[in-house]
Number of protein chains: 2
Amino acid sequence: MKICVVGCGAVGSIFAAHLAKAGEAEVYALDIAREHIEAIKRHGLRISGAAEFTVPLKASTNVADLPRCDFGVVATKSIHTKLAIQNAAPLFSDGAAVCSVQNGVGNEEIIAEHVGHVIRGTTFPAGHIIGPGHVGYDIQGDTWIGPFEPSAAPMDRVRTLANLLTRAGMNTIALEDARGAQWTKLIFNASTNPVGALTLLHHGAATRFAPTGQLFDDLISEGMAVARALGISLHGDPRQLVQKGAAAPGKHKASMLQDVIARRQTEVDFMNGAIVKWGEKTGVPTPLNKAMWALIKGLEHSWIDP
Amino acid sequence: MKICVVGCGAVGSIFAAHLAKAGEAEVYALDIAREHIEAIKRHGLRISGAAEFTVPLKASTNVADLPRCDFGVVATKSIHTKLAIQNAAPLFSDGAAVCSVQNGVGNEEIIAEHVGHVIRGTTFPAGHIIGPGHVGYDIQGDTWIGPFEPSAAPMDRVRTLANLLTRAGMNTIALEDARGAQWTKLIFNASTNPVGALTLLHHGAATRFAPTGQLFDDLISEGMAVARALGISLHGDPRQLVQKGAAAPGKHKASMLQDVIARRQTEVDFMNGAIVKWGEKTGVPTPLNKAMWALIKGLEHSWIDP
């Protein structure tokens, strides 16, 4: 069995390293970050933090170097999904099943334009790049996957991938309908990410400070109303994820705040933008999510119109 | 006739300088900015830009140096109104009429706790401090004043002050009900200020960029609904102020953006906070103004909980 991880940032590297270490499948990693890939080719991929190991991994910046695969795992930032899957599609042309483990919603739709079988996925592990070939594994967590309806992978392929990942140490639950877990994380992200990015508050401070804590709540209420209108049963309460994150030690900055500090385009279109879009389709008002989307787009715009 | 300008920043200095130059009244300036006041005492107050002159002015940082006055003009940032008028109150103990020309709403309520007759005011001229004793006069404009109901100055006092200011070159309109002009500027400020401060966009860019331009509109709609519920007839359309500002040359940064860049506490409580408060009192929902308020408060909080 062959599997290719597309997008080998922090989360993609954690998946690829665990799969490679388990040794059950031939594992490949594809990314455009030349330094990172060259370091992996020369010294292997090193993981630090919640797990500590270094593992050899077949990695490349060039899709032509890689074979056709049975499975794909897409782990790019959602703003790069389109280019990444356009480029990687030939690897998955023999009926492979390709699974997104990305933030937000809307990635599977893009993947489905280029590959035959798509798996919806949501993952909770988090990390950060320490340097070329070296990734910090900050937070362990489960992954939830299921068929993506319009071009669904058969359920036995979903289970095969879930079992492979679980045996590799990345606990993964296969579900007929994985939208609940995806929307729970989406609603959590669409509250904590823009508020953190706009106020510069780390997650704990923004949760404890009454005005922003209330804004988290109000944003979550809008997102939950859209999920209800879509008939999605959430996988737990997004507010518990907020509290759980705030109780963690350290001063974790939301990924969107990290993007803003680095002046990288954010994933807001796939977070608040997606909630607004689905709100419009279902007739649920989402004025606060729209305002967060407008402010983040405006902040990105200020980098080119200062 | 004696008149004291309390708060001698850009706007206060423009008022004090014009009154002193006209020579009709004895004019005094009170401020805690020692360097600015010392420079005025030594070299007079210099105005550049829309008018060019230097004028001698009796100025002090100490209320004990100044005589009792017939009129007061309060021009501090609204967050400093309380301390400033507590300190200056003895100057106005003989039934003086004290007029706010500050941003937002809520200043007159604070002034009324300390002086007998209060005049509501809204002013459109704008400027910036160039250096000690030297103020840039950026934008000319009218001032609208009227009795502040709960402890109203008699209308003839309002007219006397308006005529005095107008003859001094600061065109001022006396009205029985000056709430319309005040709320028009409030609603304008409560849209453009927080959006500028959160996105870092200058006024023209934020107006022209579709997502933030739409957010201006949505915030203005909420503010106009509250004004309607209060029975206030706006003095023109806040949206025209937005367009007029965007058409001006240069890249004007909203004052709240200037505050955020300098890490000074903002006037958001007197802008979006006031709209939320009056919305609650009149039963008009103001979720977007509340969200802007929460984000600006959060941003201020990040400076002490980074």
Side-chain angles (χ1 to χ4, degrees), chain A residues 190-222 225 246 251 253-254 257 260-261 263 266 268-269 272-273 276 285-306, chain B residues 190-222 225 246 251 253-254 257 260-261 263 266 268-269 272-273 276 285-306:
Chain A
S191 67
T192 58
N193 271 279
V195 174
L198 291 164
T199 63
L200 314 181
L201 287 169
H202 62 84
H203 178 71
T207 307
R208 288 185 288 272
F209 185 59
T212 41
Q214 180 65 50
L215 183 53
F216 282 177
D217 257 26
D218 295 341
L219 285 162
I220 288 170
S221 295
E222 280 188 8
K251 296 187 171 185
K253 289 185 168 74
L257 173 52
V260 163
I261 289 170
R263 294 197 164 198
T266 72
V268 73
D269 284 332
N272 304 83
V276 171
T286 57
L288 294 176
N289 276 279
K290 192 175 169 196
M292 297 303 116
W293 174 82
L295 290 170
I296 295 293
K297 297 303 269 189
L299 184 54
E300 293 174 356
H301 188 63
S302 77
W303 305 332
I304 56 166
D305 192 2
Chain B
S191 67
T192 57
N193 271 279
V195 174
L198 291 164
T199 62
L200 313 181
L201 287 169
H202 62 85
H203 177 72
T207 307
R208 287 185 289 271
F209 185 59
T212 42
Q214 180 64 50
L215 183 53
F216 282 177
D217 256 26
D218 295 341
L219 285 162
I220 287 171
S221 295
E222 280 189 7
K251 296 187 171 185
K253 290 184 166 74
L257 173 52
V260 163
I261 290 169
R263 292 196 165 201
T266 73
V268 74
D269 285 332
N272 305 82
V276 171
T286 57
L288 293 177
N289 277 279
K290 192 175 171 197
M292 297 305 115
W293 174 82
L295 290 170
I296 296 292
K297 297 302 270 188
L299 184 54
E300 292 174 356
H301 188 63
S302 77
W303 304 332
I304 58 167
D305 190 2

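In what follows, every chain begins at residue 1, and chains take the letters A, B, ... in the order their sequences are listed. Every heavy atom of this structure was used, including side-chain atoms; hydrogens, water molecules and symmetry mates were not.
When the salt bridge (Lys or Arg N to Asp or Glu O under 4.0 Å) test is applied to B:D218, no partner is found at least two apart in sequence or on another chain. Under the rule for a side-chain hydrogen bond (donor to acceptor under 3.5 Å, both in side chains), the partners of A:T266 that lie at least two apart in sequence or sit in another chain are A:E300.
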Would you give me the side-chain donor-acceptor pairs under 3.5 Å for residues 288-296 of chain A, sequence neighbours excluded?
residue	atom	partner	partner atom	Å
A:N289	OD1	A:N272	ND2	2.9
A:N289	ND2	A:E222	OE1	2.9
A:W293	NE1	A:D269	OD1	2.8

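For A:L198, the parts sitting under 4.5 Å from any heavy atom of chain B are the backbone and the side chain alike.
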After noting the C-alpha distance and the side-chain angles of B:T199 and A:H301, does the key distance pass the side chain to side chain contact (heavy atoms under 4.5 Å, CB included) rule? CA-CA 8 Å; B:T199 62; A:H301 188 63; over 6 Å; no
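Residue-level contacts of residues 203-211 of chain B with chain A, in order of numbering, are B:A205, B:F209, B:P211; threshold 4.5 Å between heavy atoms.
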